[in-house]
Novice: 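Below you'll find the structure I mean.
Worth saying up front: this structure is predicted, and the values here are computed from it rather than measured. All heavy atoms count here, side chains included; hydrogens, waters and symmetry mates do not. Residue numbers start from 1 in every chain, and the chains themselves are labelled A, B, ... in the order their sequence lines are given, proteins ahead of strands.
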Protein chains: 2
Amino acid sequence: MATLKKIGEELGLSVATVSRALNGFPEVKEATRQRVREAADRLGYRPNRVAQRLVTGRSGMVGMIVKIKPDMSADQTFFEMLTGLTAALSERETDLVLAVDQAQDPVLPYQRMLERDVLDGFILNAPVPDDPRVTFLQERGIPFVLHGQDRACPSYPTYGIDNFAVSTDSVRLLAQLGHRRIALINGEVSAAFARDRLTAFEAAMDTFGLGKDLIRTGATLESHGYSQALDLLSGEAPPTGIICTSTVVAAGAMRAIRHLGLHVPGNVSIMAHDDALPHTRAINFEPALTVTRAPMRDACAPLAHMLVDHLNGKPAHELQVMLRADLIIRCSTGPAPKPETPDGP
Amino acid sequence: MATLKKIGEELGLSVATVSRALNGFPEVKEATRQRVREAADRLGYRPNRVAQRLVTGRSGMVGMIVKIKPDMSADQTFFEMLTGLTAALSERETDLVLAVDQAQDPVLPYQRMLERDVLDGFILNAPVPDDPRVTFLQERGIPFVLHGQDRACPSYPTYGIDNFAVSTDSVRLLAQLGHRRIALINGEVSAAFARDRLTAFEAAMDTFGLGKDLIRTGATLESHGYSQALDLLSGEAPPTGIICTSTVVAAGAMRAIRHLGLHVPGNVSIMAHDDALPHTRAINFEPALTVTRAPMRDACAPLAHMLVDHLNGKPAHELQVMLRADLIIRCSTGPAPKPETPDGP
DNA sequence: AAAATTGTTCAAAACGTTTAAAATTTGCTT
DNA sequence: AAGCAAATTTTAAACGTTTTGAACAATTTT
């Protein structure tokens with residue numbers, strides 16, 4: 001393996017100069033830099049990461065812990081994240097070390113990982129409100145980036161979408177279309193994103209003077225969407241608009257709507273938040289689904305770069321990104337149906 | 001962070017002695033070792049992995065590349081492997097670095113990973129016959145362990161089950177129960193395991209003098225099992241015994257059998273190979289499924305240890321394990337039905 | 001009592017890089 | 001042609017560990 005020393009000997013230069021030449025330091029003569037570059041290429045030089053890491057005091061590895069549900073099913077978003085993160089991190093010469101969490105205690109796997117490995121930082125995802133992992137890492141001064149938002153004014157890097165706006169935009173759209181009975185099929189309220197969407201949903205419904213009785217929670221699967229939509233639509237005063245926590249849940253809800261012989265958007269308008277995961281494409285729904293859209297994949301590169309920037313000393317307050325999801329109006333939403341007049345015209 | 005030097009200063013010992021004391025070298029006086037251990041504990045010493053790696057010339061990281069199917073669905077076995085591998089590798093002070101493969105070229109991601117990272121070796125899984133990744137890594141002298149077997153007499157560490165025996169045992173069981181028409185619903189024949197099972201299935205059928213016309217391939221999903229079993233059972237001379245490539249496929253096949261109003265094992269015996277993944281439990285089938293069983297999880301620790309042993313110089317020929325899957329006879333297999341006598345008794 | 005043996009510890013080199021400080025070369029000014 | 005500043009390069013230390021060879025001390029052998 002070619003080393004700086006070998007290149008130096010080859011060219012009659014010191015190791016230091018070779019190092020600086022390759023690292024783009026300005027004090028190296030351009031002619032020298034060329035010679036060094038040429039020799040490095042010729043000898044197939046690759047910097048020894050381990051040596052770099054020793055001297056810089058950084059391991060070049062960041063950790064992420066994969067939460068696995070009791071049934072061992074993978075979080076749908078996981079592969080999406082893994083793909084994007086490894087790609088983006090490798091641009092910054094950083095490796096992603098994974099561990100799998102099967103424990104109940106949310107901080108235990110982080111503790112164990114820190115005991116075992118030399119890690120520069122963490123990527124945290126799927127926060128719960130006031131996430132205990134955040135507290136744990138902050139107490140120990142371990143850098144991290146949070147994908148999402150677990151509290152109001154974080155003092156650490158975060159990247160996420162504005163989940164309040166997701167609900168606000170959704171409710172406004174349906175309300176402006178004349179819907180009065182709007183349902184929310186929300187995710188697990190233990191998740192921070194779902195709590196935020198719920199809060200904003202209630203606020204928005206208040207704003208429009210609408211009732212907040214059509215709220216369901218805990219939907220993650222298609223089957224949840226199905227059963228909860230069925231339940232909502234079979235009630236005394238069924239919704240004419242349904243906001244779903246995800247496209248998967250929306251698929252279930254649509255199945256329920258069809259099952260009841262109703263039409264979208266004639267009888268019921270339906271929309272969802274869309275993380276734009278590759279397997280469920282909202283545009284291929286029949287009819288194409290109206291969504292608030294924020295591709296999960298888009299978060300990967302920012303998360304990676306923000307973490308590395310933070311490790312390089314960039315202060316947390318410059319590393320807080322909150323995007324607004326796009327509102328994409330397709331065919332699954334339309335004007336509220338005319339109220340039924342049972343006693344005829 | 002406590003270092004060897006600090007401990008040495010604390011005790012008036014040299015770094016070398018401290019290092020040896022902690023690493024269990026025999027030439028250190030027991031009293032000294034105790035003092036060192038105590039001081040290390042007290043100061044919370046953790047060896048600096050990076051420094052260890054620099055001096056030993058090893059990175060302490062091994063790579064694995066996750067293949068993702070076009071639909072981005074995770075291989076069901078992946079999380080199982082990830083969990084087991086990270087746990088076992090961490091016992092050997094080794095980290096698992098993951099990359100995601102979306103490319104067509106099977107070796108490209110390995111090439112890229114080697115360019116980018118300092119990796120001591122690889123874990124290869126899901127081999128195809130004469131796997132090109134094997135060739136690639138062998139040419140470059142990169143150590144690896146293969147989970148499975150891609151060729152007859154490998155010169156590198158392998159760990160897997162005897163897929164020939166899987167078919168042989170399955171066919172023998174059904175044949176001895178009197179079945180004459182035995183079907184195989186196999187996996188993708190591009191996979192080495194499926195090719196081996198096919199070869200052995202044909203050989204075993206020959207041995208028993210049975211016909212080999214009931215072979216289907218490419219089954220990975222429940223729906224494949226359903227449609228292929230439906231197809232087989234609707235044929236002119238339907239099978240009385242079906243061997244499935246996996247429990248998931250068997251679930252589909254059972255659904256087809258039920259759909260046709262047939263009974264297991266009265267009309268049709270069915271069995272499968274069982275990787276014992278957590279989400280589908282063969283024993284919970286109705287009726288409980290007869291299987292050849294080899295838990296995927298059992299492979300993780302051996303794979304990890306074999307790779308690290310190999311990195312430590314253990315020769316490949318001592319690192320070749322081929323286990324025989326257990327044959328577990330449950331309620332889904334039974335005697336072949338009496339041949340129908342259409343013209344009555 | 002000297003020599004040999006064994007047990008224990010130490011000093012120093014090595015791994016490959018980065019970087020601060022010192023040294024040298026170059027170019028410019030007078 | 002000397003003086004000086006700027007540009008470029010080198011020397012050396014540092015990161016924390018492992019490991020070689022030497023040194024020292026304690027013990028045994030002669």
Novice: Under the rule for side-chain contact (heavy atoms from CB on, under 4.5 Å), what residues qualify as partners of B:T135, not counting sequence neighbours?
Specialist: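 Per chain and number, B:T135 pairs via side-chain contact (heavy atoms from CB on, under 4.5 Å) with B:E139, B:R151.
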Novice: Between the axis at one end of the helix from C:dA1-D:dT30 to C:dT30-D:dA1 and the axis at the other (five pairs apiece), what's the angle to 10 degrees?
Specialist: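 It works out to 70° between the end axes.
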Novice: Are any of the side-chain nitrogens in A:R53 or A:D95 under 4.0 Å away from the carboxylate oxygens of its partner?
Specialist: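 Yes.
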Novice: Specify the separation, in whole Å, of atom CG of B:N23 and atom P of D:dT20.
Specialist: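 Checked: the CG to P distance equals 13 Å.
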Novice: Using the heavy-atom set of chain B and a strict 4.0 Å cut-off, write down the first and last nucleotide of DNA chain C that makes it in, 5' to 3'.
Specialist: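 Going 5' to 3' along DNA chain C, contacts run C:dT8 to C:dG16.
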Novice: Rounded to the nearest angstrom, tell me the gap between atom CG in A:L54 and atom C1' in D:dT18.
Specialist: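 Taking CG of A:L54 and C1' of D:dT18, I get 13 Å after rounding.
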Novice: Go through the structure and list residues passing salt bridge (charged side-chain N to carboxylate O under 4.0 Å, His left out) with B:D275, not counting sequence neighbours.
Specialist: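 If we apply the salt bridge (charged side-chain N to carboxylate O under 4.0 Å, His left out) test to B:D275, skipping adjacent residues, there are no hits.
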Novice: According to the salt bridge (Lys or Arg N to Asp or Glu O under 4.0 Å) rule, which pairs have a member within residues 20-32 of chain B, sequence neighbours left out?
Specialist: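 As it turns out, the salt bridge (Lys or Arg N to Asp or Glu O under 4.0 Å) pairs with a partner in residues 20-32 of chain B, which skip direct neighbours, are B:R20-B:E27, B:E30-B:R33.
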Novice: Can you sort out the partners of B:E318 under side-chain contact (heavy atoms from CB on, under 4.5 Å), two or more places apart, ordered by chain and number?
Specialist: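 side-chain contact (heavy atoms from CB on, under 4.5 Å) list for B:E318, sorted by chain: B:K314, B:P315.
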Novice: Only counting residues at least two apart or in another chain, list the ones meeting salt bridge (charged side-chain N to carboxylate O under 4.0 Å, His left out) with A:R49.
Specialist: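 Once residues adjacent in sequence are excluded, the partners of A:R49 under the salt bridge (charged side-chain N to carboxylate O under 4.0 Å, His left out) criterion are A:E93, B:D117.
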Novice: Could you list the residues that satisfy side chain to side chain donor-acceptor pair (under 3.5 Å) with A:Y110, not counting sequence neighbours?
Specialist: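 In terms of side chain to side chain donor-acceptor pair (under 3.5 Å), with neighbours along the sequence ignored, A:Y110 is linked to A:R133.
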Novice: Please give me the minimum heavy-atom distance between B:P109 and B:D105, naming the atom from each residue.
Specialist: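 Result for this residue pair: CD-O, 3.3 Å.
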Novice: Both B:S19 and A:T56 contact DNA chain D. Which one's nearest nucleotide lies toward the 5' end?
Specialist: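 First, find each residue's nearest nucleotide; the 5'-ward one identifies A:T56.
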Novice: For A:T3, answer base if it contacts any base atom (sugar-phosphate contacts may also be present), sugar-phosphate if it contacts only those atoms, and nothing otherwise; contact means non-hydrogen atoms under 4.0 Å.
Specialist: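 Sugar-phosphate: the residue A:T3, judged by heavy atoms under 4.0 Å, touches backbone atoms but no base.
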Novice: Check salt bridge (charged side-chain N to carboxylate O under 4.0 Å, His left out) between A:E9 and all other residues, then give those that pass, not counting sequence neighbours.
Specialist: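 If we apply the salt bridge (charged side-chain N to carboxylate O under 4.0 Å, His left out) test to A:E9, skipping adjacent residues, there are no hits.
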Novice: Can you list everything that forms a side-chain contact (heavy atoms from CB on, under 4.5 Å) with A:D41? Sequence neighbours excluded, please.
Specialist: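 By the side-chain contact (heavy atoms from CB on, under 4.5 Å) rule, A:D41 matches no residue at all.
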Novice: D:dT19 P sits how many Å from B:L22 CG, rounded?
Specialist: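 Taking CG of B:L22 and P of D:dT19, I get 14 Å after rounding.
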Novice: Would you please name every residue forming a salt bridge (charged side-chain N to carboxylate O under 4.0 Å, His left out) with A:D309, sequence neighbours left out?
Specialist: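 With neighbours one apart ignored, the set is A:R92.
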Novice: Would you list the protein and nucleotides 8-12 of chain D atom pairs, both N or O, that sit under 3.5 Å from each other?
Specialist:
| unit_1 | atom_1 | unit_2 | atom_2 | d |
| --- | --- | --- | --- | --- |
| D:dT9 | OP1 | A:T32 | OG1 | 2.5 |
| D:dT9 | OP2 | A:K29 | N | 3.1 |
| D:dT10 | OP1 | A:G12 | O | 3.4 |
| D:dT10 | OP2 | A:S14 | N | 2.8 |
| D:dT10 | OP2 | A:S14 | OG | 3.1 |
| D:dT10 | OP2 | A:T17 | OG1 | 2.9 |
| D:dT10 | O4 | A:R20 | NH2 | 2.2 |

